[in-house]
Chemist: 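Shown below is the structure under consideration.
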Amino acid sequence: MILRNLPLLFLALLQLAPVVSPQNRILGFTPASATQEAKVEEKFKAVPTPAEERRQHRIFTAEPHLAGSKRNNDLARYIAGEWRKQGLEDVVIHRYDVYATAPKTASMEMIAPVAYRASLREAVYPADPDTKNPRVSSAWTGMSISGEVTAPVVYAHSGNPEDYDLLRKQGIDVKGKIVLVRYSNPYSYRGFKALTAEREGAAAILIYSDPAEDGFKKGKVFPDGPWGPESHIQRGAITYDFMVPGDPLTPGWASVPGAKRIPLEQAVSAPKIMALPLSYQDARPLLENLGGARAPDDWQGGLPIEYHLGGEQVRVHLKIEMDNSIKPYYVVEGRIRGAELPDEWVVLGNHRDAWVFGGVDPSSGTASMMEMTRALGQLKKQGMRPRRTLIVCSWDGEEVGLTGSTEWGEQFADALRKKAVAYLNVDESTSGSNFDGSAVASLAPMLVEATRTLQDPSGKSLYEAWKQTSAHNREESKDDRPVTDANLADTRIGSGSDHTVFLNYVGMPVIGLGFEGPYGVYHSMYDDFYWMNHFGDPGYRYHTLMSQLWGVLALRLANADLLPFDFASYADNVRQFVAELSKGKDMSALDLKPVIESIDAFEASGKNLDDSLQRALAAGKVDAKTAAEINAGMMQVERNWLNPDGIPGRPWFKHILYGARFTYAHLELPGLTEAVEKKDWPTAKPQAEILRKCLEKNTELVNRLSAQLDGK
Ligand SMILES: [Zn+2]
């Protein structure tokens with residue numbers, strides 16, 4: 001593979017270079033550095049243990065720890081203290097005063113045709129003592145407004161715009177009514193359901209968990225299985241963070257104490273509708289009595305009843321009182337200062353806040369982070385300080401609106417744009433044994449490579465296990481692409497976690513990691529320690545593997561001689577994005593040929609740079625000054641995908657290759673794609689031109705780097 005495009009002259013030279021065996025070849029490393037790196041990684045991987053993962057997991061899942069709560073703030077101090085003991089440096093707790101959300105009271109009563117008062121509580125199971133915890137909240141939705149309404153109920157399926165179109169065709173208007181919608185599979189962010197209901201003029205939205213999606217229709221339910229029981233409630237926020245994430249009152253700047261704030265009425269990400277989640281136990285009496293026309297077949301759910309559209313018969317009295325006010329959120333930051341390049345940063349993060357106990361989301365990730373930092377601390381104590389600086393962060397308020405990471409990213413955006421190599425996110429570390437790795441296309445090859453050196457608990461390498469999972473998933477989703485190294489990592493990156501500010505606002509390459517499995521208790525009280533010990537990861541072996549993988553990736557990015565970016569791979573992905581954009585559409589109004597030619601040019605320059613990098617590395621040493629310049633140039637490539645004006649209508653989202661839909665689903669070439677989907681050619685044309693210019697800029701940059709490496 002390395003020899004792909006080598007000139008003959010160089011082939012002769014290569015014979016003089018040291019023999020490169022698979023053991024001492026790592027993307028971005030000279031053979032000697034790779035041998036050293038392999039030793040460091042062996043020492044690192046030996047530190048995390050399942051017993052310690054479990055011990056940390058218990059600490060984080062012992063109590064509910066909502067963003068803004070005393071418990072979550074205590075955990076911030078706990079993490080800071082542990083990190084200092086582990087040997088991390090410059091440990092600080094950053095405070096952000098943000099528009100926060102918490103419940104006061106909520107009630108939902110059906111007053112006609114029969115009386116029913118929703119419990120809004122989750123059932124206690126003696127097998128799991130944590131379910132008795134009196135501090136568990138009842139049903140509530142983050143960022144709902146307070147209010148009181150009595151109105152008829154309409155069933156609006158998933159609550160997407162096309163669902164309301166169907167209702168309209170049936171003569172049903174939801175204005176002033178309460179819409180009852182279900183969580184959907186595949187996942188669609190509840191904030192989009194709320195915004196859609198708000199735009200339709202609904203008085204309130206009730207979002208319930210249908211057993212077809214995460215309950216008994218899937219398999220055994222808690223406490224006998226991993227799926228959601230009758231009373232489980234999927235809490236969650238409805239913040240319109242797809243417009244702008246973070247504190248709604250400081251869009252685009254940090255909520256440091258004393259920061260200026262916009263009035264709530266002007267905050268585009270603050271919802272203006274009442275919202276409440278329901279278990280299917282509480283939704284069922286409504287569904288059974290709805291009346292009206294029978295809902296279409298694909299609107300029928302998993303309950304053994306006939307679903308109707310409603311609109312007249314069922315009347316509900318809904319009352320919600322919220323405590324939405326300014327509160328401090330805390331981000332914990334710790335570092336291991338780089339020995340040689342302290343001003344080049346590799347950033348790692350996980351959110352700390354949970355809806356309740358956060359067994360999977362996020363405390364599995366928090367446990368993996370604590371073991372990873374312990375192992376990094378051990379290396380440092382043994383004199384193995386990374387070349388670059390590692391920065392580790394425990395985010396707050398991710399669940400509310402990606403709040404802590406966004407505020408921190410906005411606060412340090414200038415420094416990050418100068419210094420940051422990449423961001424590695426772990427939100428849910430483990431809900432099962434199936435690995436899912438995503439990466440910006442330039443980092444996909446190094447992610448795939450790293451999984452070859454890790455041992456999956458199944459006995460295979462993580463790489464082999466990943467390929468198997470991936471093949472299985474593709475079969476299930478009727479995706480007939482064969483699994484190859486080039487397409488193993490998921491390079492389609494949506495939103496919904498803390499990588500968002502780094503990718504879309506700062507312009508940093510990102511990687512996301514997780515192990516997945518059957519998981520029907522998301523954001524409910526049953527997502528807890530018991531669930532993890534019986535279903536998710538009973539032996540904590542996948543937690544341990546996550547600590548190892550996360551750390552190995554961080555160490556490779558921190559220690560590489562020349563950063564392991566692959567821009568030919570990036571170009572190939574952009575070509576696919578453009579092909580998908582045009583697929584099945586009449587594109588006669590938009591000439592994409594100049595864009596496609598620019599992609600070809602970028603790919604050719606990327607291949608050249610790959611070859612130049614490999615030659616320089618194989619030759620055994622790169623002088624420090626050249627390496628610094630080449631690395632700075634490679635870091636600039638991701639920044640060059642930013643358009644300072646942002647994508648049309650969403651100026652905060654500046655990345656032109658990666659974005660997310662309002663549902664959080666990935667959206668490639670966001671500005672261009674949205675314009676093409678709307679057949680808005682006057683917007684699409686300049687968006688295509690912006691893309692072409694960015695490709696051209698990066699082609700020139702990458703060509704310059706190759707020339708410099710080749711000594712031309
Ligand atoms: Zn999470």
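Values below: all heavy atoms of this structure, side chains included; hydrogens, waters and symmetry mates excluded. Counting starts at 1 for both ligands and their atoms, in listed order.
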Chemist: Which of these passes ring pair (Phe, Tyr, Trp, His ring centres under 6.0 Å) with Phe502: Trp395, Tyr658, Phe412?
Modeler: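 That would be Trp395; it is the only one of Trp395, Tyr658, Phe412 passing the ring pair (Phe, Tyr, Trp, His ring centres under 6.0 Å) with Phe502.
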Chemist: Can a cation-pi geometry be assigned to Arg58 and Phe529, taking NZ or CZ under 6.0 Å from the six-membered ring centre and within 45° of the ring axis?
Modeler: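 Output yes; distance and angle both within limits.
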Chemist: Flag this pair as yes if the NZ/CZ of Arg335 is under 6.0 angstrom from the six-membered ring centre of Trp345 and inside a 45 degree cone about the axis; otherwise no.
Modeler: yes
Chemist: Tyr208 pairs by side-chain contact (heavy atoms from CB on, under 4.5 Å) with which of Gln281, Gln234, Arg182?
Modeler: Arg182
Chemist: Just by distance, do the side chain of Ser363 and the backbone of Gly358 share a donor-acceptor pair under 3.5 Å?
Modeler: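 Yes: the side chain of Ser363 pairs with the backbone of Gly358.
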Chemist: Using a cut-off of 2.8 Å, find all protein N, O or S atoms closer to the Zn ion (ligand 1) than that distance.
Modeler: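 Checking every protein N, O and S atom gives His351 NE2, Asp361 OD1, Asp427 OD1, Asp427 OD2.
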Chemist: Indicate, with yes or no, if the rings of Trp652 and Tyr505 have centres closer together than 6.0 Å.
Modeler: yes
